[in-house]
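In listed order, ligands and their atoms are each counted from 1.
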Amino acid sequence: MTGRIPTLVDLGDVRGKRVLVRTDFNVPMEAGVITDDFRIRAALPTITWLTGRGAGVITASHLGRPKGAPDRKFSMDAVRERLATLAPGVELLENLRFDPGEEANDSKFVAALVKDIDMYVDDAFGACHRAHASIVGPPKTLPSAMGLLLQKEVDVLLGLRNDPKRPFVAVLGGSKISDKLGVVEALLAVVDSLVIGGAMCFTFLAALGYPIGDSLFEPDQVDTCKRLLAESAAVGKTIHLPEDLVGLDAGGRFATFGVRLPDGAKGFDVGPGTAAAFSDVIMDARTVFWNGPMGMFEDERFEAGTRTVAQAMADTKAFTVVGGGDSAAALAQFGLADDVDHVSTGGGAALELIELGDLPGLAALRGACNAPRF
Ligand code: ADP
Ligand code: MG
């Protein structure tokens with residue numbers, strides 16, 4: 001039998017206890033220097049909640065994708081230095097992924113992690129969709145809890161899934177098409193309409209029979225898109241797709257197109273008419289979830305669609321939630337990060353939580369010995 005997800009108060013008295021806090025310190029780095037310490041600062045409320053009550057805190061995180069062995073490029077040294085200035089006296093273990101046991105969820109690695117540890121706190125939402133050792137291992141033996149950051153994510157995202165104010169619109173874009181099609185299916189069950197831009201839109205446009213030139217698309221997903229379009233029509237839910245596009249023509253020149261791309265052309269952004277239409281849908285909604293940029297916004301020529309959608313997210317009266325690393329980066333680039341209600345710290349995890357209503361990391365916490373029973 002499992003209970004509710006335990007929160008920090010469910011740990012009981014933490015004074016004098018050694019608490020392992022799984023954080024998401026997977027910060028962006030350039031040449032060994034942290035370019036944005038948002039993820040370190042985001043962990044501070046949980047850390048100070050614990051240290052303020054007399055606990056000793058040992059943090060642990062992964063950083064980048066080392067191949068299960070120590071690799072100086074991915075050492076936690078810079079993070080440890082920054083953490084020492086923000087939360088003096090708090091320890092940080094070396095990159096969890098330096099040990100192959102982390103991703104393999106090896107029980108020997110879990111045992112090493114929890115040695116001399118009294119309690120476990122998970123505050124790493126961005127890693128909760130992975131059944132890795134540091135996420136699902138410690139709650140098997142230790143009193144455990146979700147940290148404040150994780151709790152906020154769960155409240156907001158499960159709120160979207162279970163009880164959204166309507167109309168509820170999901171805006172999807174970006175380039176991880178097959179990753180995100182599963183969530184389209186799940187979202188169709190809960191949203192009132194879907195807005196699709198980014199590289200994602202070309203597989204849908206191809207499914208409708210439009211020529212898409214040399215744009216990014218996944219041929220083996222065309223049938224899935226056809227089915228999703230049919231299913232949405234059957235239940236009376238609209239999938240809004242672009243009506244104009246911006247990109248490069250076969251000669252590599254910047255061009256605006258209708259919804260049919262000529263041979264050799266590549267679509268890199270939604271067009272101005274589409275951006276305005278998408279913006280209207282967002283303005284009329286009462287709940288909006290946005291994941292994935294509308295175009296290749298890193299290139300100035302193709303940022304307009306994403307900027308218009310970001311501005312609508314900022315302006316609408318709807319409850320607004322943004323998930324996805326690149327979507328959050330786009331919002332920040334436009335100076336609008338503070339104008340939405342919630343920016344999720346996990347892209348894949350946010351999508352999976354909305355899709356499935358649960359994550360391996362949350363299930364592990366519910367199974368902990370101190371989880372409150374219903
Ligand atoms: P997120 O991190 O928000 O979940 P993704 O990682 O799925 O988003 O996708 C982000 C990437 O998608 C960006 O780097 C952006 O340049 C790219 N992208 C968006 N639209 C297009 C397009 N039409 N063609 C190529 N790349 C695109
Ligand atoms: Mg991304």
Peer 1: Please table the atom pairs, donor to acceptor, closer than 3.5 Å between any side-chain atom in residues 324-332 and protein atoms at least two apart or in another chain.
Peer 2:
{"residue": "Ser327", "atom": "OG", "partner": "Gly292", "partner atom": "N", "Å": "2.6"}
{"residue": "Ser327", "atom": "OG", "partner": "Gly323", "partner atom": "O", "Å": "3.4"}

Peer 1: When you check the gap from the basic side-chain N to the acidic O, do Glu102 and Arg22 get nearer than 4.0 Å?
Peer 2: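 Here Glu102 pairs with Arg22 in a salt bridge, since their nearest N and O are under 4.0 Å apart.
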
Peer 1: Please write down residue, atom name and distance for the protein heavy atom closest to atom 21 (C) of ligand 1.
Peer 2: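 Nearest protein contact, heavy atoms only, for atom 21 (C) of ligand 1 is Ala199 N, 3.5 Å.
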
Peer 1: Among all protein heavy atoms, pick out the one at the shortest distance from atom 24 (N) of ligand 1; state its residue, atom name and that distance to 0.1 Å.
Peer 2: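 Sorting protein heavy atoms by distance from atom 24 (N) of ligand 1 puts Phe268 CD2, 3.7 Å first.
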
Peer 1: Against ligand 1, does Phe202 come closer than 4.0 Å with any heavy atom?
Peer 2: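 Under 4.0 Å: yes for Phe202.
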
Peer 1: Between the side chains of Gln151 and Thr7, is a donor N or O closer than 3.5 angstrom to an acceptor N or O?
Peer 2: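 Result is no, nothing qualifies.
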
Peer 1: Using non-hydrogen atoms of the residue, decide whether Lys266 is closer than 4.0 angstrom to ligand 1.
Peer 2: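 No.
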
Peer 1: Which atoms of ligand 1 have any heavy atom of Gly198 under 4.0 Å away?
Peer 2: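 It comes down to these atoms of ligand 1: 20 (N), 23 (N).
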
Peer 1: Check whether more than 12 heavy atoms from other residues, nucleotides or ligands sit under 6.0 Å from atom CZ of Arg65, and answer yes or no.
Peer 2: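 Counting neighbours around CZ of Arg65, 12 or fewer heavy atoms of other residues, nucleotides or ligands fall under 6.0 Å, so no.
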
Peer 1: Heavy atoms only: which of Gly267, Gly295, Gly346, Gly197 lies closest to atom 23 (N) of ligand 1?
Peer 2: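 Of the listed residues, Gly267 has the closest heavy atom.
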
Peer 1: Just one of Val191, Leu351, Val322, Val169 clears the side-chain contact (heavy atoms from CB on, under 4.5 Å) bar with Phe289, so which one?
Peer 2: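 It is Leu351, the one option of Val191, Leu351, Val322, Val169 that forms the side-chain contact (heavy atoms from CB on, under 4.5 Å) with Phe289.
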
Peer 1: Indicate yes or no: at least one non-hydrogen side-chain atom of Ser144 is less than 4.5 angstrom from one of Asp122.
Peer 2: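 Heavy-atom side-chain distance check fails, nothing below 4.5 Å.
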
Peer 1: Going by distance alone, is a donor N or O of one side chain under 3.5 Å from an acceptor N or O of the other, for Thr274 and Asp244?
Peer 2: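 There is such a pair (donor and acceptor under 3.5 Å, judged by atom type) between the side chains of Thr274 and Asp244.
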
Peer 1: Could you list the atoms of ligand 1 found under 4.0 angstrom from a heavy atom of Glu298?
Peer 2: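 By the 4.0 Å cutoff, the relevant atoms are 13 (C), 14 (O), 15 (C), 16 (O).
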
Peer 1: Which ligand 1 atoms are under 4.0 Å away from a heavy-atom of Gly292?
Peer 2: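 Here the atoms of ligand 1 in question are 3 (O), 8 (O).
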
Peer 1: Within a distance under 4.0 Å of any heavy atom of Asn291, pick out the atoms of ligand 1 and give their elements.
Peer 2: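 Counting from 1, the qualifying ligand atoms are 4 (O).
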
Peer 1: Would you say Arg80's side chain and Leu92's backbone share a donor-acceptor pair under 3.5 angstrom?
Peer 2: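 Pair found, side chain donor or acceptor close to backbone of Leu92.
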
Peer 1: Indicate yes or no: at least one non-hydrogen side-chain atom of Val27 is less than 4.5 angstrom from one of Met29.
Peer 2: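 Side chain of Val27 against side chain of Met29, heavy atoms only: contact under 4.5 Å found.
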
Peer 1: Looking at Ser215, Cys225, Pro242, which one forms a side-chain contact (heavy atoms from CB on, under 4.5 Å) with Cys201?
Peer 2: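 By the side-chain contact (heavy atoms from CB on, under 4.5 Å) criterion, Cys201 pairs with just one of Ser215, Cys225, Pro242: Pro242.
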
Peer 1: At a 4.0 Å threshold, what atoms of ligand 1 neighbour a non-hydrogen atom of Ser327?
Peer 2: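 The list of qualifying atoms is 1 (P), 3 (O).
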
Peer 1: Taking 4.0 angstrom as the limit and counting only heavy atoms of Asp326, give me the atoms of ligand 1 inside it, by number and element.
Peer 2: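 The list of qualifying atoms is 1 (P), 2 (O), 3 (O), 5 (P), 6 (O), 8 (O), 10 (C).
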
Peer 1: Do any heavy atoms of Pro293 fall under 4.0 Å from ligand 1?
Peer 2: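 A heavy atom of Pro293 does come that close to ligand 1.
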
Peer 1: I need the protein N, O or S atoms closer than 2.8 Å to the Mg ion (ligand 2), given as residue plus atom name.
Peer 2: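 Near the Mg ion (ligand 2), the protein supplies Asp326 OD2.
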
Peer 1: Can you report which non-hydrogen protein atom sits closest to atom 4 (O) of ligand 1, along with the distance?
Peer 2: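 Atom 4 (O) of ligand 1 sits closest to the protein heavy atom Lys180 NZ, 3.1 Å.
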
Peer 1: Do the rings of Phe302 and Phe268 sit parallel, tilted or perpendicular, given the 30° and 60° boundaries?
Peer 2: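 Aromatic pair Phe302/Phe268 classed tilted.
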
Peer 1: At what distance is the nearest protein heavy atom to atom 11 (C) of ligand 1, and which residue and atom is it?
Peer 2: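 Here the nearest protein heavy atom works out to Ser175 OG, 3.5 Å.
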
Peer 1: Could you tell me whether Asn162 atom CG has more than 12 heavy atoms of other residues or ligands within 6.0 Å of it?
Peer 2: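 Result for CG/Asn162: enclosed.
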
Peer 1: For Thr345 and Glu153, does a side-chain donor sit closer than 3.5 Å to a side-chain acceptor?
Peer 2: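 The answer is yes; a qualifying pair exists.
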
